[in-house]
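Heads up: the structure comes next, in structure tokens.
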Amino acid sequence: MEIKELANRSKRIREAYHELERKQDGRPWSPEQDALAFLTDAGLVGRLVMDKQGSWPTSDPEPLLDYKIAENIWWLSSIAEASGIDLETALNNFLKSREQHLN
């Protein structure tokens with residue numbers, strides 16, 4: 001999947017969730033709430049990695065690590081969109097910076 005497709009699909013899904021939030025809370029979540037939800041899911045990725053390595057035992061096979069990693073990518077795409085950041089450009093700039101740093 002191309003990054004633009006990821007960003008577009010993520011935006012459509014986030015907009016649908018905003019509608020659910022309006023029904024539930026009377027307003028959509030703010031970018032700050034999205035960031036907090038992302039941080040919560042990022043913590044779950046950490047625990048799932050620990051579980052996979054045998055240092056954080058869990059009896060619950062859900063959520064799966066691949067699902068949570070993908071969800072974190074979705075959150076980051078959504079937060080970038082809400083912040084007016086072009087995800088492809090930001091990622092490209094970051095990777096170029098790291099490559100140059102390592103040369």
Side-chain angles (χ1 to χ4, degrees):
M1 173 186 321
E2 296 290 324
I3 293 174
K4 292 285 185 204
E5 180 185 357
L6 162 73
N8 290 333
R9 289 173 70 185
S10 294
K11 181 179 178 180
R12 286 192 302 270
I13 292 167
R14 191 68 196 100
E15 287 170 350
Y17 272 106
H18 279 316
E19 287 305 312
L20 292 173
E21 294 155 4
R22 280 184 186 92
K23 290 176 185 173
Q24 176 181 314
D25 301 331
R27 62 180 176 77
W29 281 9
S30 67
E32 293 89 350
Q33 288 171 299
D34 286 354
L36 181 58
F38 160 69
L39 290 173
T40 301
D41 285 331
L44 288 173
V45 167
R47 288 203 174 164
L48 289 167
V49 169
M50 290 174 72
D51 176 52
K52 194 170 189 84
Q53 298 300 311
S55 62
W56 187 274
T58 181
S59 59
D60 185 8
E62 295 294 328
L64 298 175
L65 179 57
D66 61 340
Y67 182 90
K68 275 297 171 189
I69 288 173
E71 186 174 16
N72 277 270
I73 293 168
W74 172 75
W75 274 122
L76 290 171
S77 179
S78 298
I79 292 166
E81 168 71 24
S83 302
I85 295 169
D86 180 275
L87 187 60
E88 185 170 17
T89 300
L91 183 57
N92 208 13
N93 289 343
F94 170 78
L95 293 174
K96 182 189 256 182
S97 168
R98 294 299 85 209
E99 290 164 344
Q100 290 172 349
H101 177 75
L102 293 170
N103 286 331

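As the structure is a computational prediction, the values presented were derived from the model and not from experiment. Excluded from the calculations below are hydrogen atoms, water molecules and symmetry mates; all remaining heavy atoms, backbone and side chain alike, are included.
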I need the [X] [atom1] to [Y] [atom2] distance, nearest 0.5 Å.
{"X": "Arg14", "Y": "Glu19", "atom1": "CZ", "atom2": "CD", "result": "11.0 Å"}
{"X": "Glu81", "Y": "Asp34", "atom1": "CD", "atom2": "CG", "result": "11.5 Å"}
{"X": "Leu39", "Y": "Leu44", "atom1": "CG", "atom2": "CG", "result": "11.0 Å"}
{"X": "Arg27", "Y": "Arg22", "atom1": "CZ", "atom2": "CZ", "result": "11.0 Å"}

Report yes or no: does [X] contribute a side-chain atom to a donor-acceptor pair with the main-chain N or O of [Y] at less than 3.5 Å?
{"X": "Thr40", "Y": "Leu36", "value": "yes"}
{"X": "Asn92", "Y": "Glu88", "value": "no"}
{"X": "Ser78", "Y": "Trp74", "value": "yes"}
{"X": "Asp41", "Y": "Asn72", "value": "no"}

Decide side-chain contact (heavy atoms from CB on, under 4.5 Å) for Arg47 and Leu65; before the verdict, give the C-alpha distance in whole Å, the side-chain angles of both, and the deciding distance to 0.1 Å.
CA-CA 9 Å; Arg47 288 203 174 164; Leu65 179 57; over 6 Å; no
Same cluster or not: [X] versus [Y], using hydrophobic residues (I, L, V, M, F, W, Y) connected whenever any side-chain heavy atoms lie under 4.5 Å apart?
{"X": "Phe94", "Y": "Ile85", "result": "no"}
{"X": "Ile13", "Y": "Phe38", "result": "yes"}
{"X": "Ile3", "Y": "Leu95", "result": "yes"}
{"X": "Ile79", "Y": "Leu20", "result": "yes"}
{"X": "Met1", "Y": "Ile69", "result": "yes"}

Would you give me the side-chain donor-acceptor pairs under 3.5 Å for residues 96-103, sequence neighbours excluded?
unit_1	atom_1	unit_2	atom_2	d
Asn103	ND2	Glu99	O	3.1

With Glu15, which residues qualify under salt bridge (charged side-chain N to carboxylate O under 4.0 Å, His left out), at least two apart?
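Glu15 satisfies salt bridge (charged side-chain N to carboxylate O under 4.0 Å, His left out) with no residue once adjacent residues are dropped.
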Identify whether the distance between the nearest side-chain nitrogen and carboxylate oxygen of Glu2 and Arg9 falls below 4.0 Å.
no
Ser30 and Glu32: side chain donor to acceptor below 3.5 Å:
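Per modelled atom types, Ser30 and Glu32 side chains form a pair under 3.5 Å.
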Any idea which heavy atoms bring Pro28 and Gln33 closest together, and the distance?
O-OE1, 4.3 Å
Quick one: ring-ring contact (aromatic ring centres under 6.0 Å, His included) partners of Tyr67, sequence neighbours excluded?
none
